[in-house]
Participant: 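Before we start, here is the structure in question, set down as structure tokens.
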Amino acid sequence: MCDTLNELALLSECLQKRTTSVAYADKLIHRSIRFINGLGERPGTKVLAAENAISEGRLGTVVLTDNSKIVTINRQQFIRSLSNNLSHRMFTTASSRGAASQAQSDSDYVHLLAQLKVLERDNWPPAQTMPPGYGEVQVSELCQRFRLPTVSVINAFRDFVESTVDDGTPAELRPLMNCTRLIPCSTAECERGFSQMNLIITPTRNRLLIERVSNLMFIKLHGPPLTQWDPTGYVTTWLRRHRSAEDKRSRQAAAESRKDPDPLWRFL
């Protein structure tokens with residue numbers, strides 16, 4: 001349990017970085033899955049320490065004794081379950097309520113990941129074996145997805161590939177890079193912000209906060225401009241369902257009257 005928690009903590013810390021892209025996050029998750037699967041074949045550092053304590057019959061100054069009431073965790077089953085859960089929680093291109101099949105969603109995600117990888121130098125083949133026009137098809141598809149000018153972006157991408165030193169991203173390629181970095185990899189930054197406001201994050205409140213943050217992220221990424229947004233439907237629903245101070249279902253506040261007003265009131 002401790003070995004896997006240490007790995008998950010390391011993964012969580014890496015995913016919380018603002019510079020983490022989707023392609024790099026996918027690499028990190030697969031790396032953690034391989035590490036956890038490896039714990040089924042070779043024991044981790046905490047397991048080795050526990051086995052050493054069992055052989056010696058004590059852990060520090062505590063003498064170890066048998067207790068039949070404590071059920072031992074099946075290590076192989078626990079590792080397989082954790083690995084499967086991590087695999088099922090990989091990124092996806094479909095909503096959890098969408099009608100798309102899981103196979104189609106996985107295929108779309110792999111295709112999107114291949115498009116995003118060509119924008120990172122670490123994923124490029126060696127310059128000696130890089131084919132002409134490398135990544136231009138993927139960049140063109142990304143431009144269509146984000147509705148960016150294809151010709152100017154592809155020309156900037158060629159300059160980006162042919163540059164021998166890391167002298168920054170060409171100006172005409174930055175809009176595409178910014179679009180790919182807007183995809184959130186973690187809501188931990190938002191949760192940390194709520195924690196800094198001294199809010200008690202209970203499981204129920206944590207679920208509600210995550211749902212609210214997810215909705216805000218969706219509006220931020222896909223919401224229309226304010227000039228094109230029609231709030232009539234939302235205002236009508238709010239007027240129909242909300243509880244005002246005059247609502248009979250709500251407790252009405254008693255009118256407060258003072259016969260002797262404060263003399264300072266006339267100066268305020």
Side-chain angles (χ1 to χ4, degrees), residues 11-12 14-35 83 86-189 214 216-225:
L11 174 62
S12 177
C14 293
L15 292 178
Q16 292 176 31
K17 295 181 180 179
R18 296 181 181 272
T19 57
T20 301
S21 63
V22 174
Y24 186 59
D26 180 85
K27 179 180 178 180
L28 292 175
I29 296 176
H30 278 95
R31 179 191 301 170
S32 296
I33 292 176
R34 291 193 300 270
F35 177 84
S83 177
L86 278 177
S87 300
H88 292 159
R89 293 179 64 86
M90 294 291 291
F91 294 99
T92 179
T93 59
S95 170
S96 58
R97 300 181 181 180
S101 63
Q102 182 65 31
Q104 181 64 34
S105 176
D106 294 343
S107 176
D108 293 342
Y109 169 69
V110 172
H111 186 63
L112 175 62
L113 191 63
Q115 296 173 351
L116 298 176
K117 283 183 176 180
V118 301
L119 298 176
E120 300 185 5
R121 293 180 180 269
D122 296 339
N123 298 315
W124 293 353
Q128 299 80 3
T129 60
M130 182 179 294
Y134 168 79
E136 294 184 9
V137 175
Q138 291 81 359
V139 171
S140 177
E141 293 174 347
L142 287 175
C143 290
Q144 296 177 7
R145 177 186 293 270
F146 297 113
R147 300 180 181 180
L148 297 174
T150 304
V151 177
S152 59
V153 173
I154 288 181
N155 186 55
F157 178 73
R158 289 179 178 179
D159 296 337
F160 185 51
V161 173
E162 293 176 357
S163 60
T164 56
V165 295
D166 190 5
D167 52 359
T169 305
E172 294 181 338
L173 185 60
R174 291 173 187 171
L176 178 60
M177 302 290 284
N178 293 335
C179 288
T180 60
R181 291 168 181 169
L182 286 176
I183 305 175
C185 299
S186 174
T187 59
E189 291 294 332
S214 178
L216 292 176
M217 286 182 176
F218 181 84
I219 295 175
K220 180 65 175 179
L221 295 175
H222 306 287

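Please read all numbers here as calculations on a predicted model, not as lab measurements.
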Participant: Who are the side chain to side chain contact (heavy atoms under 4.5 Å, CB included) partners of Pro131, not counting sequence neighbours?
Facilitator: Tyr134
Participant: Assess the side chains of Asp122 and Tyr24: does a donor N or O sit below 3.5 Å from an acceptor N or O?
Facilitator: no
Participant: Would you please name every residue forming a side chain to side chain contact (heavy atoms under 4.5 Å, CB included) with Ala23, sequence neighbours left out?
Facilitator: Ser21, Leu113, Lys117, Glu120
Participant: Without swapping roles, check the side chain of Ser140 against the backbone of Thr150 for a donor-acceptor pair under 3.5 Å.
Facilitator: no
Participant: Applying side-chain hydrogen bond (donor to acceptor under 3.5 Å, both in side chains), name anything that partners Ser32, two or more places apart in sequence or on another chain.
Facilitator: Glu7
Participant: Is a side-chain donor-acceptor pair under 3.5 Å present for Ser163 with Arg121?
Facilitator: yes
Participant: Going by salt bridge (Lys or Arg N to Asp or Glu O under 4.0 Å), name the pairs with one or both residues in residues 124-136, residues two or more places apart or in two chains.
Facilitator: Glu136-Arg158
Participant: Once rounded to the nearest 0.5 Å, what's the spacing between atom CZ of Arg145 and atom CD of Gln138?
Facilitator: 12.5 Å
Participant: Name all residues meeting the salt bridge (charged side-chain N to carboxylate O under 4.0 Å, His left out) criterion together with Glu172; count only those two or more places apart in sequence or in a different chain, and write none if there are none.
Facilitator: none
Participant: Could you work out, with side chain to side chain contact (heavy atoms under 4.5 Å, CB included) as the rule, every residue matching Pro132, not counting sequence neighbours?
Facilitator: none
Participant: Of all heavy-atom pairs between Ala156 and Pro170, which one has the smallest distance, and what is that distance?
Facilitator: O-CG, 3.5 Å
Participant: Taking all atoms of both residues into account, what is the closest heavy-atom pair of Ser87 and Ile33, and its distance?
Facilitator: OG-CD1, 3.6 Å
Participant: Which residue pairs satisfy the salt bridge (Lys or Arg N to Asp or Glu O under 4.0 Å) criterion with at least one member in residues 125-135, sequence neighbours excluded?
Facilitator: none
Participant: Can you measure from CG (Leu173) to CG (Leu119) and round to the nearest 0.5 angstrom?
Facilitator: 6.5 Å
Participant: Determine, step by step, whether Leu11 and Ile29 satisfy the side chain to side chain contact (heavy atoms under 4.5 Å, CB included) criterion, reporting the C-alpha distance in whole Å, the side-chain angles of both residues, the deciding distance to 0.1 Å, and the verdict.
Facilitator: CA-CA 7 Å; Leu11 174 62; Ile29 296 176; 4.2 Å; yes
Participant: At their closest point, which heavy atom of Leu176 faces which heavy atom of Phe146, and how far apart are they?
Facilitator: CD1-CD1, 3.9 Å
Participant: List the atom of Val118, the atom of Phe157, and the distance in Å for their closest heavy-atom pair.
Facilitator: O-CE1, 3.5 Å
Participant: Which residues satisfy the side-chain hydrogen bond (donor to acceptor under 3.5 Å, both in side chains) test with Gln115, sequence neighbours excluded?
Facilitator: His111, Glu141
Participant: For Arg147, enumerate each residue passing the side chain to side chain contact (heavy atoms under 4.5 Å, CB included) test, keeping only those at least two apart in sequence or located in another chain.
Facilitator: none
Participant: Which atom pair, heavy atoms only, marks the closest approach of Trp124 to Val161?
Facilitator: CH2-CA, 3.8 Å
Participant: Could you tell me whether the side chain of Leu142 reaches within less than 4.5 Å of the side chain of Leu116, counting heavy atoms only?
Facilitator: yes
Participant: Could you state the interatomic distance from CG (Leu28) to NZ (Lys17), rounded to the nearest 0.5 Å?
Facilitator: 8.5 Å
Participant: Show the nearest heavy-atom pair for residues Pro149 and Cys143, with the distance to one decimal.
Facilitator: O-SG, 4.2 Å
